[in-house]
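Notes follow once the structure below has been shown.
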2 protein chains.
Amino acid sequence: MSTTIVSSEVEKLAEIPLLKRLSTEAREQLLRGATKKSVSRGEMIFFQDDEADAFFIVLEGWVKVFRATSSGDEAVVGVFTRGQTFAEGAAFTNSNYPASGEAVTDSVVLCIPVAHLANSIAADPNIALAMMSSLSMHLHQLVLQIEGLKTHTGAQRVAEFLLNLSTEPAGSCTLVLPYDKALIAGRLGMKPESLSRAFQKLKSYGVEVKQNRAIISNVQVLRTLVEQERTVVMHSSHG
Amino acid sequence: MSTTIVSSEVEKLAEIPLLKRLSTEAREQLLRGATKKSVSRGEMIFFQDDEADAFFIVLEGWVKVFRATSSGDEAVVGVFTRGQTFAEGAAFTNSNYPASGEAVTDSVVLCIPVAHLANSIAADPNIALAMMSSLSMHLHQLVLQIEGLKTHTGAQRVAEFLLNLSTEPAGSCTLVLPYDKALIAGRLGMKPESLSRAFQKLKSYGVEVKQNRAIISNVQVLRTLVEQERTVVMHSSHG
DNA sequence: CTACTTCCTTGATTTTCGTTAGGTCCTTTT
DNA sequence: AAAAGGACCTAACGAAAATCAAGGAAGTAG
(Lines give C-alpha, C1' and ligand atoms only; values in the text may rest on other atoms or scores of the structure.)
Protein backbone atom coordinates (compact mmCIF):
# COMPACT_ATOMS: atom_id res chain seq x y z
CA MET A 1 0.00 0.00 0.00
CA SER A 2 1.45 3.36 -0.94
CA THR A 3 0.31 6.96 -0.84
CA THR A 4 1.75 10.26 -1.96
CA ILE A 5 3.04 12.85 0.48
CA VAL A 6 0.64 15.60 1.47
CA SER A 7 2.25 18.99 1.95
CA SER A 8 1.37 19.12 5.64
CA GLU A 9 3.74 16.21 6.14
CA VAL A 10 6.68 17.83 4.45
CA GLU A 11 7.72 19.86 7.45
CA LYS A 12 7.74 16.86 9.74
CA LEU A 13 10.04 15.08 7.30
CA ALA A 14 12.52 17.93 7.56
CA GLU A 15 13.99 16.11 10.57
CA ILE A 16 15.44 13.45 8.30
CA PRO A 17 19.20 13.94 7.82
CA LEU A 18 19.06 13.68 4.06
CA LEU A 19 16.37 16.37 3.85
CA LYS A 20 17.51 18.54 6.71
CA ARG A 21 20.02 20.65 4.90
CA LEU A 22 17.85 21.23 1.87
CA SER A 23 15.88 24.41 1.27
CA THR A 24 12.12 24.15 1.70
CA GLU A 25 11.69 24.34 -2.05
CA ALA A 26 14.18 21.58 -2.75
CA ARG A 27 12.59 19.40 -0.09
CA GLU A 28 9.16 19.88 -1.59
CA GLN A 29 10.50 19.21 -5.06
CA LEU A 30 12.09 15.94 -3.98
CA LEU A 31 9.07 14.78 -2.01
CA ARG A 32 6.68 15.56 -4.83
CA GLY A 33 7.64 12.31 -6.53
CA ALA A 34 7.89 10.26 -3.35
CA THR A 35 5.38 7.78 -2.02
CA LYS A 36 4.84 6.43 1.47
CA LYS A 37 4.68 2.70 1.72
CA SER A 38 3.51 0.58 4.63
CA VAL A 39 5.13 -2.81 4.86
CA SER A 40 4.47 -5.61 7.30
CA ARG A 41 7.10 -7.54 9.18
CA GLY A 42 8.76 -9.96 6.81
CA GLU A 43 7.59 -8.19 3.69
CA MET A 44 10.16 -7.55 0.97
CA ILE A 45 10.81 -3.97 -0.06
CA PHE A 46 13.10 -4.67 -3.00
CA PHE A 47 14.83 -7.72 -4.40
CA GLN A 48 18.49 -8.34 -5.11
CA ASP A 49 19.16 -8.25 -8.88
CA ASP A 50 15.96 -6.38 -9.61
CA GLU A 51 16.28 -3.18 -11.57
CA ALA A 52 17.13 -0.40 -9.13
CA ASP A 53 14.40 2.14 -9.82
CA ALA A 54 14.02 3.70 -6.38
CA PHE A 55 15.76 4.35 -3.10
CA PHE A 56 14.23 4.57 0.35
CA ILE A 57 14.06 6.38 3.66
CA VAL A 58 12.77 4.66 6.78
CA LEU A 59 9.99 6.61 8.50
CA GLU A 60 8.98 3.96 11.03
CA GLY A 61 10.24 0.55 12.00
CA TRP A 62 13.33 -1.44 11.10
CA VAL A 63 14.54 -2.66 7.75
CA LYS A 64 17.33 -5.09 6.93
CA VAL A 65 19.39 -5.14 3.77
CA PHE A 66 21.07 -8.43 2.98
CA ARG A 67 22.73 -10.42 0.25
CA ALA A 68 21.71 -13.96 -0.45
CA THR A 69 24.22 -16.31 -1.99
CA SER A 70 23.18 -18.82 -4.58
CA SER A 71 22.59 -21.44 -1.92
CA GLY A 72 20.55 -19.69 0.72
CA ASP A 73 23.34 -18.36 2.87
CA GLU A 74 22.67 -14.77 3.81
CA ALA A 75 24.88 -11.83 4.79
CA VAL A 76 23.32 -8.82 6.47
CA VAL A 77 24.79 -5.69 5.00
CA GLY A 78 22.89 -3.15 7.05
CA VAL A 79 19.95 -2.62 9.36
CA PHE A 80 18.22 0.72 9.19
CA THR A 81 15.68 2.64 11.19
CA ARG A 82 13.90 5.96 11.44
CA GLY A 83 15.48 8.71 9.37
CA GLN A 84 18.04 6.56 7.63
CA THR A 85 18.29 6.13 3.87
CA PHE A 86 19.05 2.83 2.21
CA ALA A 87 19.66 1.51 -1.30
CA GLU A 88 20.63 5.03 -2.34
CA GLY A 89 23.84 3.69 -3.85
CA ALA A 90 21.91 1.68 -6.40
CA ALA A 91 20.22 4.83 -7.61
CA PHE A 92 23.35 5.95 -9.41
CA THR A 93 24.57 2.75 -10.94
CA ASN A 94 21.81 2.53 -13.54
CA SER A 95 21.72 -1.14 -12.81
CA ASN A 96 20.32 -3.58 -10.29
CA TYR A 97 20.13 -3.78 -6.54
CA PRO A 98 23.16 -5.62 -5.18
CA ALA A 99 21.14 -6.78 -2.16
CA SER A 100 17.58 -7.29 -0.97
CA GLY A 101 15.59 -5.20 1.50
CA GLU A 102 13.06 -6.58 3.97
CA ALA A 103 11.02 -5.11 6.81
CA VAL A 104 11.93 -6.77 10.11
CA THR A 105 9.15 -4.99 11.96
CA ASP A 106 5.99 -3.42 10.62
CA SER A 107 7.41 -0.34 8.95
CA VAL A 108 6.73 2.74 6.89
CA VAL A 109 9.23 3.73 4.23
CA LEU A 110 9.46 6.66 1.90
CA CYS A 111 10.06 5.50 -1.66
CA ILE A 112 11.80 7.89 -4.05
CA PRO A 113 12.04 6.84 -7.71
CA VAL A 114 15.49 7.37 -9.21
CA ALA A 115 13.98 8.99 -12.27
CA HIS A 116 12.42 11.60 -10.04
CA LEU A 117 15.67 12.04 -8.15
CA ALA A 118 17.48 12.76 -11.39
CA ASN A 119 14.90 15.39 -12.28
CA SER A 120 15.15 16.93 -8.84
CA ILE A 121 18.92 17.16 -9.03
CA ALA A 122 18.64 18.87 -12.38
CA ALA A 123 16.23 21.33 -10.79
CA ASP A 124 18.40 21.93 -7.74
CA PRO A 125 22.01 20.71 -7.64
CA ASN A 126 22.07 21.09 -3.86
CA ILE A 127 20.10 17.88 -3.71
CA ALA A 128 23.14 16.17 -5.19
CA LEU A 129 25.30 17.41 -2.34
CA ALA A 130 22.87 16.06 0.22
CA MET A 131 22.85 12.70 -1.53
CA MET A 132 26.62 12.59 -1.63
CA SER A 133 26.77 13.29 2.05
CA SER A 134 24.37 10.44 2.65
CA LEU A 135 26.36 8.10 0.41
CA SER A 136 29.54 9.05 2.21
CA MET A 137 28.04 8.25 5.56
CA HIS A 138 27.10 4.82 4.35
CA LEU A 139 30.54 4.33 2.94
CA HIS A 140 32.03 5.25 6.27
CA GLN A 141 29.70 2.93 8.09
CA LEU A 142 30.63 0.02 5.87
CA VAL A 143 34.30 0.77 6.42
CA LEU A 144 33.73 0.54 10.14
CA GLN A 145 31.82 -2.69 9.70
CA ILE A 146 34.67 -4.24 7.77
CA GLU A 147 37.17 -3.11 10.35
CA GLY A 148 35.00 -4.62 13.05
CA LEU A 149 34.75 -7.95 11.29
CA LYS A 150 38.47 -8.14 10.70
CA THR A 151 39.89 -6.95 13.98
CA HIS A 152 37.26 -7.58 16.63
CA THR A 153 36.15 -10.81 18.25
CA GLY A 154 32.50 -11.73 18.42
CA ALA A 155 32.14 -10.46 21.96
CA GLN A 156 33.77 -7.17 21.05
CA ARG A 157 31.40 -6.66 18.14
CA VAL A 158 28.44 -7.32 20.39
CA ALA A 159 29.78 -4.84 22.92
CA GLU A 160 30.17 -2.29 20.16
CA PHE A 161 26.61 -2.92 19.05
CA LEU A 162 25.30 -2.37 22.57
CA LEU A 163 27.33 0.80 22.96
CA ASN A 164 25.87 2.16 19.75
CA LEU A 165 22.40 1.59 21.13
CA SER A 166 23.15 3.19 24.47
CA THR A 167 22.70 6.89 24.90
CA GLU A 168 24.49 7.26 28.22
CA PRO A 169 28.09 8.48 27.96
CA ALA A 170 29.05 6.76 31.21
CA GLY A 171 27.73 4.79 34.15
CA SER A 172 24.97 2.24 33.89
CA CYS A 173 22.19 2.01 31.37
CA THR A 174 19.31 -0.19 30.32
CA LEU A 175 18.38 -0.65 26.70
CA VAL A 176 15.96 -2.56 24.55
CA LEU A 177 17.27 -4.80 21.78
CA PRO A 178 15.53 -3.38 18.73
CA TYR A 179 15.04 -6.64 16.84
CA ASP A 180 15.40 -10.34 17.42
CA LYS A 181 18.66 -12.00 18.25
CA ALA A 182 18.97 -13.96 15.04
CA LEU A 183 19.08 -10.68 13.14
CA ILE A 184 21.49 -9.10 15.60
CA ALA A 185 23.73 -12.10 15.04
CA GLY A 186 23.48 -11.71 11.27
CA ARG A 187 24.14 -8.03 11.51
CA LEU A 188 27.31 -8.73 13.47
CA GLY A 189 28.49 -11.49 11.17
CA MET A 190 27.87 -14.45 13.46
CA LYS A 191 25.38 -17.21 14.19
CA PRO A 192 22.74 -16.94 16.91
CA GLU A 193 24.58 -19.51 18.99
CA SER A 194 27.74 -17.45 18.87
CA LEU A 195 25.79 -14.38 19.86
CA SER A 196 24.51 -16.31 22.83
CA ARG A 197 28.05 -17.20 23.85
CA ALA A 198 29.14 -13.61 23.36
CA PHE A 199 26.45 -12.44 25.78
CA GLN A 200 27.76 -15.00 28.24
CA LYS A 201 31.25 -13.57 27.99
CA LEU A 202 29.96 -10.05 28.44
CA LYS A 203 28.47 -11.01 31.81
CA SER A 204 31.92 -10.68 33.33
CA TYR A 205 32.02 -7.15 31.94
CA GLY A 206 28.80 -6.22 33.67
CA VAL A 207 26.27 -6.89 30.92
CA GLU A 208 23.04 -8.68 31.71
CA VAL A 209 20.64 -9.71 28.99
CA LYS A 210 17.12 -10.83 29.76
CA GLN A 211 14.67 -11.27 26.93
CA ASN A 212 15.05 -8.22 24.75
CA ARG A 213 16.42 -6.05 27.56
CA ALA A 214 20.10 -5.46 28.18
CA ILE A 215 21.48 -3.87 31.31
CA ILE A 216 24.97 -2.45 31.16
CA SER A 217 26.30 -1.78 34.64
CA ASN A 218 29.19 0.35 33.41
CA VAL A 219 29.38 1.71 29.91
CA GLN A 220 33.03 2.61 30.20
CA VAL A 221 34.11 -0.89 31.14
CA LEU A 222 32.49 -2.06 27.92
CA ARG A 223 34.18 0.67 25.96
CA THR A 224 37.62 -0.41 27.11
CA LEU A 225 36.81 -3.95 25.99
CA VAL A 226 35.99 -2.74 22.49
CA GLU A 227 39.19 -0.75 22.25
CA GLN A 228 41.36 -3.58 23.40
CA GLU A 229 43.48 -5.44 20.96
CA ARG A 230 42.12 -8.71 19.72
CA THR A 231 44.93 -10.74 21.20
CA VAL A 232 44.58 -9.13 24.61
CA VAL A 233 40.94 -10.07 24.70
CA MET A 234 41.63 -13.60 23.64
CA HIS A 235 44.20 -14.21 26.31
CA SER A 236 42.40 -12.43 29.08
CA SER A 237 41.07 -14.29 32.07
CA HIS A 238 37.56 -13.20 31.18
CA GLY A 239 37.12 -16.16 28.86
CA MET B 1 56.69 16.09 -4.63
CA SER B 2 53.66 17.45 -6.47
CA THR B 3 53.05 19.24 -9.74
CA THR B 4 50.02 20.72 -11.44
CA ILE B 5 48.44 19.11 -14.49
CA VAL B 6 49.49 20.47 -17.84
CA SER B 7 46.73 20.60 -20.41
CA SER B 8 48.44 18.09 -22.69
CA GLU B 9 47.90 15.50 -19.98
CA VAL B 10 44.19 16.12 -19.63
CA GLU B 11 43.22 13.98 -22.58
CA LYS B 12 45.18 10.99 -21.34
CA LEU B 13 43.37 11.24 -18.03
CA ALA B 14 40.05 10.95 -19.83
CA GLU B 15 40.45 7.18 -19.56
CA ILE B 16 39.79 7.33 -15.83
CA PRO B 17 36.25 6.17 -15.00
CA LEU B 18 35.46 9.17 -12.84
CA LEU B 19 36.47 11.58 -15.60
CA LYS B 20 35.29 9.58 -18.55
CA ARG B 21 31.70 10.68 -18.63
CA LEU B 22 32.48 14.35 -18.10
CA SER B 23 32.55 16.90 -20.86
CA THR B 24 35.98 18.19 -21.86
CA GLU B 25 35.23 21.47 -20.15
CA ALA B 26 34.15 19.87 -16.90
CA ARG B 27 37.23 17.64 -16.96
CA GLU B 28 39.52 20.60 -17.45
CA GLN B 29 37.74 22.54 -14.74
CA LEU B 30 38.15 19.72 -12.24
CA LEU B 31 41.78 19.07 -13.13
CA ARG B 32 42.67 22.73 -12.91
CA GLY B 33 42.85 22.45 -9.14
CA ALA B 34 44.43 18.99 -9.08
CA THR B 35 48.05 18.15 -8.44
CA LYS B 36 50.07 15.10 -9.34
CA LYS B 37 51.97 13.57 -6.47
CA SER B 38 54.74 10.99 -6.64
CA VAL B 39 54.96 8.79 -3.58
CA SER B 40 57.50 6.10 -2.78
CA ARG B 41 56.66 2.66 -1.53
CA GLY B 42 55.73 2.91 2.12
CA GLU B 43 55.03 6.61 2.04
CA MET B 44 51.82 7.84 3.63
CA ILE B 45 49.33 9.69 1.45
CA PHE B 46 46.90 10.73 4.18
CA PHE B 47 46.45 9.90 7.83
CA GLN B 48 43.43 8.55 9.64
CA ASP B 49 41.78 11.29 11.75
CA ASP B 50 43.44 14.07 9.80
CA GLU B 51 41.18 16.69 8.33
CA ALA B 52 39.86 15.38 5.01
CA ASP B 53 40.83 18.15 2.60
CA ALA B 54 41.38 16.13 -0.57
CA PHE B 55 40.50 12.95 -2.38
CA PHE B 56 42.65 10.95 -4.80
CA ILE B 57 42.89 9.05 -8.04
CA VAL B 58 45.64 6.49 -8.64
CA LEU B 59 47.59 7.13 -11.83
CA GLU B 60 50.35 4.58 -11.31
CA GLY B 61 51.09 1.93 -8.72
CA TRP B 62 49.13 0.50 -5.82
CA VAL B 63 47.75 2.19 -2.75
CA LYS B 64 46.29 0.64 0.37
CA VAL B 65 43.69 2.19 2.63
CA PHE B 66 43.55 0.81 6.13
CA ARG B 67 42.28 1.49 9.61
CA ALA B 68 44.53 1.18 12.60
CA THR B 69 43.01 0.44 15.96
CA SER B 70 44.36 2.11 19.07
CA SER B 71 46.58 -0.86 19.75
CA GLY B 72 48.37 -1.43 16.47
CA ASP B 73 46.00 -3.89 14.88
CA GLU B 74 45.30 -2.97 11.28
CA ALA B 75 42.41 -3.69 8.91
CA VAL B 76 42.84 -3.19 5.18
CA VAL B 77 39.72 -1.54 3.83
CA GLY B 78 40.73 -1.34 0.21
CA VAL B 79 43.62 -1.61 -2.23
CA PHE B 80 43.50 0.58 -5.28
CA THR B 81 45.33 0.84 -8.57
CA ARG B 82 45.37 2.72 -11.83
CA GLY B 83 42.22 4.67 -12.56
CA GLN B 84 40.55 4.08 -9.22
CA THR B 85 39.50 6.83 -6.84
CA PHE B 86 39.89 6.58 -3.11
CA ALA B 87 38.98 8.62 -0.04
CA GLU B 88 36.30 10.34 -2.09
CA GLY B 89 33.78 9.60 0.65
CA ALA B 90 35.65 11.81 3.05
CA ALA B 91 35.26 14.74 0.70
CA PHE B 92 31.60 15.18 1.64
CA THR B 93 31.64 14.65 5.35
CA ASN B 94 33.40 17.91 6.21
CA SER B 95 35.30 15.93 8.75
CA ASN B 96 38.28 13.62 9.05
CA TYR B 97 39.58 10.63 7.16
CA PRO B 98 38.22 7.44 8.71
CA ALA B 99 41.28 5.52 7.52
CA SER B 100 44.86 6.02 6.39
CA GLY B 101 46.30 5.77 2.88
CA GLU B 102 49.74 4.44 2.03
CA ALA B 103 51.58 3.65 -1.19
CA VAL B 104 52.48 -0.03 -1.35
CA THR B 105 54.53 0.41 -4.52
CA ASP B 106 56.12 3.55 -5.91
CA SER B 107 53.06 5.38 -7.14
CA VAL B 108 51.66 8.49 -8.72
CA VAL B 109 48.36 9.85 -7.45
CA LEU B 110 46.18 12.71 -8.53
CA CYS B 111 45.22 14.85 -5.57
CA ILE B 112 42.00 16.87 -5.78
CA PRO B 113 41.27 19.29 -2.93
CA VAL B 114 37.71 19.14 -1.68
CA ALA B 115 37.43 22.91 -1.76
CA HIS B 116 38.18 22.80 -5.46
CA LEU B 117 35.73 19.96 -5.97
CA ALA B 118 32.98 22.02 -4.36
CA ASN B 119 33.76 24.90 -6.69
CA SER B 120 33.78 22.60 -9.69
CA ILE B 121 30.41 21.13 -8.81
CA ALA B 122 28.97 24.60 -8.51
CA ALA B 123 30.37 25.35 -11.97
CA ASP B 124 29.08 22.10 -13.47
CA PRO B 125 26.59 19.88 -11.59
CA ASN B 126 27.42 16.96 -13.87
CA ILE B 127 30.56 16.53 -11.85
CA ALA B 128 28.35 15.69 -8.89
CA LEU B 129 26.71 12.89 -10.84
CA ALA B 130 30.09 11.42 -11.75
CA MET B 131 31.15 11.57 -8.12
CA MET B 132 27.97 9.86 -7.00
CA SER B 133 28.50 7.09 -9.46
CA SER B 134 32.00 6.63 -8.11
CA LEU B 135 30.77 6.63 -4.53
CA SER B 136 28.12 4.08 -5.41
CA MET B 137 30.67 1.77 -6.97
CA HIS B 138 32.71 1.87 -3.82
CA LEU B 139 29.65 1.23 -1.76
CA HIS B 140 28.84 -1.79 -3.88
CA GLN B 141 32.39 -3.05 -3.65
CA LEU B 142 32.35 -2.82 0.13
CA VAL B 143 29.05 -4.66 0.24
CA LEU B 144 30.63 -7.46 -1.75
CA GLN B 145 33.63 -7.47 0.55
CA ILE B 146 31.41 -7.85 3.60
CA GLU B 147 29.49 -10.66 1.98
CA GLY B 148 32.75 -12.37 1.14
CA LEU B 149 34.04 -12.12 4.67
CA LYS B 150 30.86 -13.50 6.13
CA THR B 151 30.03 -16.33 3.79
CA HIS B 152 33.29 -17.48 2.20
CA THR B 153 36.14 -19.48 3.63
CA GLY B 154 39.69 -18.24 3.38
CA ALA B 155 40.47 -20.41 0.37
CA GLN B 156 37.34 -19.18 -1.38
CA ARG B 157 38.27 -15.57 -0.81
CA VAL B 158 41.74 -16.18 -2.19
CA ALA B 159 40.24 -17.87 -5.24
CA GLU B 160 37.95 -14.89 -5.73
CA PHE B 161 40.93 -12.57 -5.49
CA LEU B 162 42.82 -14.51 -8.14
CA LEU B 163 39.81 -14.56 -10.42
CA ASN B 164 39.48 -10.80 -10.15
CA LEU B 165 43.08 -10.48 -11.28
CA SER B 166 42.69 -12.82 -14.20
CA THR B 167 41.51 -11.54 -17.52
CA GLU B 168 40.79 -14.89 -19.13
CA PRO B 169 37.13 -15.94 -19.12
CA ALA B 170 38.04 -19.62 -19.24
CA GLY B 171 40.91 -22.06 -19.55
CA SER B 172 44.31 -21.51 -18.03
CA CYS B 173 46.04 -18.30 -17.16
CA THR B 174 49.14 -16.94 -15.52
CA LEU B 175 49.08 -13.82 -13.44
CA VAL B 176 51.36 -11.72 -11.31
CA LEU B 177 50.47 -11.01 -7.70
CA PRO B 178 50.44 -7.22 -7.65
CA TYR B 179 51.74 -6.71 -4.12
CA ASP B 180 53.23 -8.72 -1.32
CA LYS B 181 51.46 -11.58 0.36
CA ALA B 182 51.15 -9.94 3.75
CA LEU B 183 49.00 -7.26 2.13
CA ILE B 184 46.98 -9.75 0.14
CA ALA B 185 46.27 -11.51 3.41
CA GLY B 186 45.21 -8.27 5.07
CA ARG B 187 43.06 -7.37 2.11
CA LEU B 188 41.26 -10.71 2.42
CA GLY B 189 40.86 -10.52 6.17
CA MET B 190 43.32 -13.21 7.18
CA LYS B 191 46.87 -13.68 8.47
CA PRO B 192 49.81 -14.40 6.13
CA GLU B 193 50.09 -17.92 7.51
CA SER B 194 46.49 -18.59 6.62
CA LEU B 195 47.01 -17.22 3.13
CA SER B 196 49.89 -19.59 2.69
CA ARG B 197 47.70 -22.50 3.70
CA ALA B 198 44.90 -21.31 1.46
CA PHE B 199 47.32 -21.44 -1.49
CA GLN B 200 48.13 -25.01 -0.46
CA LYS B 201 44.46 -25.95 -0.59
CA LEU B 202 44.05 -24.32 -3.97
CA LYS B 203 46.69 -26.66 -5.41
CA SER B 204 44.06 -29.38 -5.63
CA TYR B 205 42.00 -26.95 -7.71
CA GLY B 206 44.82 -26.41 -10.17
CA VAL B 207 46.47 -23.31 -8.77
CA GLU B 208 50.23 -23.10 -8.50
CA VAL B 209 51.94 -20.19 -6.80
CA LYS B 210 55.65 -19.56 -7.18
CA GLN B 211 57.10 -16.32 -5.91
CA ASN B 212 54.75 -13.61 -7.07
CA ARG B 213 53.43 -15.64 -10.02
CA ALA B 214 50.24 -17.66 -9.93
CA ILE B 215 49.27 -20.18 -12.56
CA ILE B 216 45.63 -21.17 -12.81
CA SER B 217 45.21 -24.29 -14.91
CA ASN B 218 41.46 -23.89 -15.24
CA VAL B 219 39.67 -20.68 -14.41
CA GLN B 220 36.26 -22.30 -14.38
CA VAL B 221 37.20 -24.90 -11.80
CA LEU B 222 38.16 -22.04 -9.52
CA ARG B 223 34.93 -20.26 -10.26
CA THR B 224 32.86 -23.21 -9.18
CA LEU B 225 34.80 -23.30 -5.91
CA VAL B 226 33.92 -19.68 -5.19
CA GLU B 227 30.26 -20.25 -5.90
CA GLN B 228 30.01 -23.26 -3.69
CA GLU B 229 28.29 -23.00 -0.39
CA ARG B 230 30.50 -22.66 2.64
CA THR B 231 29.27 -25.93 4.13
CA VAL B 232 29.92 -27.84 0.94
CA VAL B 233 33.50 -26.64 0.90
CA MET B 234 33.96 -27.58 4.50
CA HIS B 235 32.80 -31.13 4.07
CA SER B 236 34.48 -31.75 0.75
CA SER B 237 37.31 -34.21 0.35
CA HIS B 238 39.60 -31.48 -0.91
CA GLY B 239 40.76 -30.64 2.62
C1' DC C 1 81.27 -16.67 -0.35
C1' DT C 2 79.14 -15.43 3.87
C1' DA C 3 76.26 -12.79 6.87
C1' DC C 4 72.06 -10.48 7.12
C1' DT C 5 67.45 -9.02 6.28
C1' DT C 6 63.04 -9.66 4.56
C1' DC C 7 59.53 -12.39 3.10
C1' DC C 8 57.34 -16.56 3.06
C1' DT C 9 56.28 -21.29 4.53
C1' DT C 10 55.58 -25.13 7.79
C1' DG C 11 54.42 -27.43 12.06
C1' DA C 12 52.28 -27.74 16.60
C1' DT C 13 48.95 -25.85 19.56
C1' DT C 14 45.00 -23.16 20.91
C1' DT C 15 40.92 -20.50 20.22
C1' DT C 16 37.03 -19.33 17.89
C1' DC C 17 33.10 -20.43 15.66
C1' DG C 18 29.69 -23.22 12.81
C1' DT C 19 26.96 -27.23 13.18
C1' DT C 20 23.89 -30.25 15.25
C1' DA C 21 20.88 -31.70 18.63
C1' DG C 22 18.35 -31.33 22.67
C1' DG C 23 16.37 -28.59 26.08
C1' DT C 24 13.66 -24.57 28.48
C1' DC C 25 10.58 -20.89 28.57
C1' DC C 26 6.92 -18.29 26.73
C1' DT C 27 3.08 -17.40 23.79
C1' DT C 28 -0.67 -18.86 21.03
C1' DT C 29 -4.06 -22.11 19.85
C1' DT C 30 -7.44 -25.56 20.55
C1' DA D 1 -5.69 -26.89 30.76
C1' DA D 2 -3.13 -29.20 27.25
C1' DA D 3 -0.80 -28.99 22.93
C1' DA D 4 1.93 -26.70 19.51
C1' DG D 5 5.08 -23.51 17.88
C1' DG D 6 8.66 -20.13 18.22
C1' DA D 7 12.60 -17.90 20.26
C1' DC D 8 16.32 -18.66 22.84
C1' DC D 9 19.99 -21.14 25.48
C1' DT D 10 23.24 -24.99 26.27
C1' DA D 11 26.39 -28.65 25.25
C1' DA D 12 29.38 -31.47 22.39
C1' DC D 13 31.93 -32.03 18.25
C1' DG D 14 34.62 -30.69 14.37
C1' DA D 15 36.46 -27.41 11.02
C1' DA D 16 38.73 -23.02 10.21
C1' DA D 17 41.83 -19.99 11.33
C1' DA D 18 44.98 -17.40 14.80
C1' DT D 19 49.02 -17.85 17.46
C1' DC D 20 53.58 -19.18 18.60
C1' DA D 21 57.79 -20.87 17.09
C1' DA D 22 61.02 -22.36 13.86
C1' DG D 23 62.98 -23.01 9.45
C1' DG D 24 63.79 -21.99 4.48
C1' DA D 25 64.32 -19.12 0.21
C1' DA D 26 65.59 -15.01 -2.12
C1' DG D 27 67.89 -10.68 -2.39
C1' DT D 28 71.48 -7.48 -0.63
C1' DA D 29 75.69 -5.87 1.48
C1' DG D 30 80.00 -6.74 3.11
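Hydrogens, waters and symmetry mates play no part in the numbers below; they use all other heavy atoms, side chains included. Numbers restart at 1 for each chain; the letters A, B, ... are given by sequence-line order, proteins then strands.
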Measure from [atom1] on [X] to [atom2] on [N] and round the result to the nearest Å.
| X | N | atom1 | atom2 | value |
| --- | --- | --- | --- | --- |
| A:His152 | C:dT16 | NE2 | P | 15 Å |
| B:Lys210 | C:dC8 | NZ | P | 17 Å |
| B:Leu177 | C:dC8 | CG | P | 9 Å |
| B:Gln156 | D:dA17 | CD | C1' | 14 Å |
| A:Glu74 | C:dG18 | CD | P | 14 Å |
| B:Lys191 | C:dC7 | NZ | P | 16 Å |
| A:Met190 | C:dT19 | CE | P | 14 Å |
| B:Lys201 | C:dT10 | NZ | C1' | 15 Å |

Proximity of A:His138 and A:Phe80 rings by center, below 6.0 Å: yes
With ring centroids as reference points, do B:Phe46 and B:Phe56 lie under 6.0 angstrom apart? yes
How would you summarise protein contacts on nucleotides 7-13 of chain D per nucleotide, using B for base, S for sugar-phosphate only and - for none, with heavy-atom distances below 4.0 Å? -SSB-B-
Under 4.0 angstrom between A:Ser194 side-chain N/O and C:dG18 OP1 or OP2: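 True: A:Ser194 side-chain N/O within range (under 4.0 Å) of C:dG18 OP1/OP2.
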Test: B:Glu102 and B:Arg41 ion pair at under 4.0 Å: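 Not counted as a salt bridge, because no side-chain N and carboxylate O are separated by less than 4.0 Å.
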Is it true that B:Lys210 and B:Glu208 make a salt bridge, defined as a side-chain N closer than 4.0 Å to a carboxylate O? yes
Can you name the closest pair of heavy atoms from A:Val77 and A:Gln145 and give their distance? O-OE1, 3.3 Å
Pairing residues for A:Glu147 by the salt bridge (charged side-chain N to carboxylate O under 4.0 Å, His left out) criterion, not counting sequence neighbours: B:Arg67
